[in-house]
Amino acid sequence: MKPILISHALCPYVQRAAIALQEKGVAYERIDIDLHAKPDWFLALSPLGKTPVLQVGRYAVFESAVICEYLEDTADPALHPADPLERAQHRAWIEFASATLNTIWAFYTARDRAGYDAAAQTLAARFAQLERALGDGPYFAGTRFSLVDAAFGPVFRYFDVFDAASGVEPMADTPKVRAWRGALAQRASVRLAVAADYPQRLREFVISQRSVLGERLLADA
């Protein structure tokens, strides 16, 4: 029985699970829901009312990190290092990706210039931390794609929409991060984690926030 990935079209955490499924060659079905009108059947599966949920037979696995760990336990190839300490380090950087997503949310929802600039500065600081952690690439741990890469693919994808209009360059001083972003953008699993209309839908969503960035995107249309 194919697992079912219950998702939202713009959710970056769904993308992590989709990337892991694709990298492991797991056939699955995908169902998008409207998080503003959550169906009862979804709420029965997701105690937190969030996407993603991976339905495997009669079981529902929720939270992207847990879904990725389940896939790591049940399907090859391994996307975590074999060494326990290295594996712990990778899990820590996945949490760092989640913190970065929180800052991205603050960036695109900021309704005044002070909040916008503060979030941009925090993003630049986070990418500077990443720069110091990266090696020769092309991926986080070198030539082997990992779950850290799956976590950061959705992070970088935001800036494909934001860069032209945002007026800030949080990755300007991080050449390794920029190269990593470029490598992930070329990876089939990362590209296929969203639908073709994702950029337009993200743009429309940010504009609807009536934020500083939303106004910039609207002016850039």
Side-chain angles (χ1 to χ4, degrees), residues 4-19 29-54 62-65 67 95-127 150-172 177 181 184-185 189-221:
I4 300 171
L5 181 64
I6 303 165
S7 72
H8 179 271
L10 296 180
C11 177
Y13 296 97
V14 166
Q15 294 176 47
R16 292 183 185 182
I19 292 167
E29 298 179 20
R30 185 166 176 170
I31 299 174
D32 284 348
I33 64 163
D34 182 352
L35 290 176
H36 294 293
K38 299 170 186 175
D40 290 341
W41 62 263
F42 169 71
L43 293 173
L45 293 174
S46 177
L48 298 174
K50 299 190 300 184
T51 56
V53 174
L54 188 69
F62 57 96
E63 290 295 305
S64 64
I67 291 170
E95 289 300 310
F96 188 90
S98 297
T100 305
L101 287 172
N102 290 338
T103 306
I104 290 171
W105 175 86
F107 178 66
Y108 72 68
T109 61
R111 295 195 173 186
D112 59 68
R113 188 56 189 262
Y116 186 74
D117 289 345
Q121 290 171 7
T122 301
L123 283 171
R126 293 205 185 283
F127 291 134
F152 274 96
V155 169
F156 297 137
R157 196 192 312 275
Y158 278 103
F159 297 94
D160 297 341
V161 173
F162 296 169
D163 277 350
S166 70
V168 298
E169 297 181 65
M171 296 178 224
V177 171
R181 173 186 175 182
L184 291 179
S189 62
V190 176
R191 289 188 288 103
L192 294 172
V194 296
D197 65 350
Y198 171 87
Q200 183 59 32
R201 293 182 70 163
L202 176 59
R203 185 184 185 91
E204 291 171 356
F205 174 73
V206 176
I207 289 171
S208 76
Q209 304 301 299
R210 299 183 179 181
S211 61
V212 173
L213 182 57
E215 291 176 0
R216 288 175 176 266
L217 289 169
L218 186 61
D220 189 56

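Each residue takes its place number in the sequence, starting with 1.
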Interatomic distance, [X] atom [atom1] to [Y] atom [atom2] [nearest 0.5 angstrom]:
X    : Y    : atom1 : atom2 : value
L202 : D197 : CG    : CG    : 11.0 Å
L217 : I207 : CG    : CD1   : 5.5 Å
D163 : E169 : CG    : CD    : 7.5 Å
F42  : I31  : CZ    : CD1   : 11.0 Å
S46  : I33  : OG    : CD1   : 7.5 Å
T51  : L45  : OG1   : CG    : 12.5 Å

Closest heavy-atom pair and its distance - [X], [Y]:
X    : Y    : answer
V206 : S211 : O-OG, 3.9 Å
L54  : I67  : N-CD1, 3.7 Å
R16  : A150 : CG-O, 3.7 Å
L5   : P52  : CD1-CB, 3.9 Å
G153 : V190 : CA-CG1, 4.2 Å

For F96, what residues pass the ring pair (Phe, Tyr, Trp, His ring centres under 6.0 Å) criterion, not counting sequence neighbours?
-> W93
Using ring pair (Phe, Tyr, Trp, His ring centres under 6.0 Å) as the criterion, list what pairs up with F62, not counting sequence neighbours.
->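 Applying ring pair (Phe, Tyr, Trp, His ring centres under 6.0 Å) to F62 gives none.
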Heavy-atom count around K50 NZ within 6.0 Å, excluding the residue itself: above 12?
->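 It does not: K50 NZ has 12 such atoms or fewer within range.
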Kindly check if the number of other-residue, nucleotide or ligand heavy atoms within 6.0 Å of CG (D40) is above 12?
->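 It does not: D40 CG has 12 such atoms or fewer within range.
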Would you check if F162 and V168 make a side-chain contact, meaning some heavy-atom pair closer than 4.5 Å?
-> no
Flag the pair P154 / V194 as yes when at least one side-chain heavy-atom distance between them is below 4.5 Å, and no otherwise.
-> no
Please tabulate, for the side chains in residues 6-13, all donor-acceptor contacts under 3.5 angstrom to protein atoms that are two or more places apart in sequence or on a different chain.
unit_1 : atom_1 : unit_2 : atom_2 : d
S7     : OG     : R30    : NE     : 3.1
S7     : OG     : D32    : OD1    : 2.2
H8     : ND1    : L10    : N      : 3.1

Please list every donor-acceptor pair under 3.5 Å in which a side-chain atom of residues 106-115 meets a protein atom from a residue at least two apart or in another chain.
unit_1 : atom_1 : unit_2 : atom_2 : d
T109   : OG1    : W105   : O      : 2.7
R111   : NE     : Q209   : O      : 3.2
R111   : NH2    : Q209   : O      : 3.0
D112   : OD1    : A114   : N      : 3.1
D112   : OD1    : G115   : N      : 2.7
R113   : NE     : D117   : OD1    : 2.8
R113   : NE     : D117   : OD2    : 3.2

How would you list, by chain and number, every residue that makes a side chain to side chain donor-acceptor pair (under 3.5 Å) with R126, sequence neighbours excluded?
-> T103
Listed partners of R216 passing side chain to side chain donor-acceptor pair (under 3.5 Å), at least two apart =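 Once residues adjacent in sequence are excluded, R216 has no partner under the side chain to side chain donor-acceptor pair (under 3.5 Å) criterion.
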Please say whether the positively charged group of R157, taken as NZ for Lys or CZ for Arg, lies over the ring of Y198, i.e. under 6.0 angstrom from the six-membered ring centre and within 45 degrees of the axis.
-> yes
Test item: R203 side-chain N/O and V161 main-chain N/O as donor-acceptor pair under 3.5 Å | no
From CA spacing to verdict: side chain to side chain contact (heavy atoms under 4.5 Å, CB included), D160, R181 = CA-CA 10 Å; D160 297 341; R181 173 186 175 182; 2.8 Å; yes
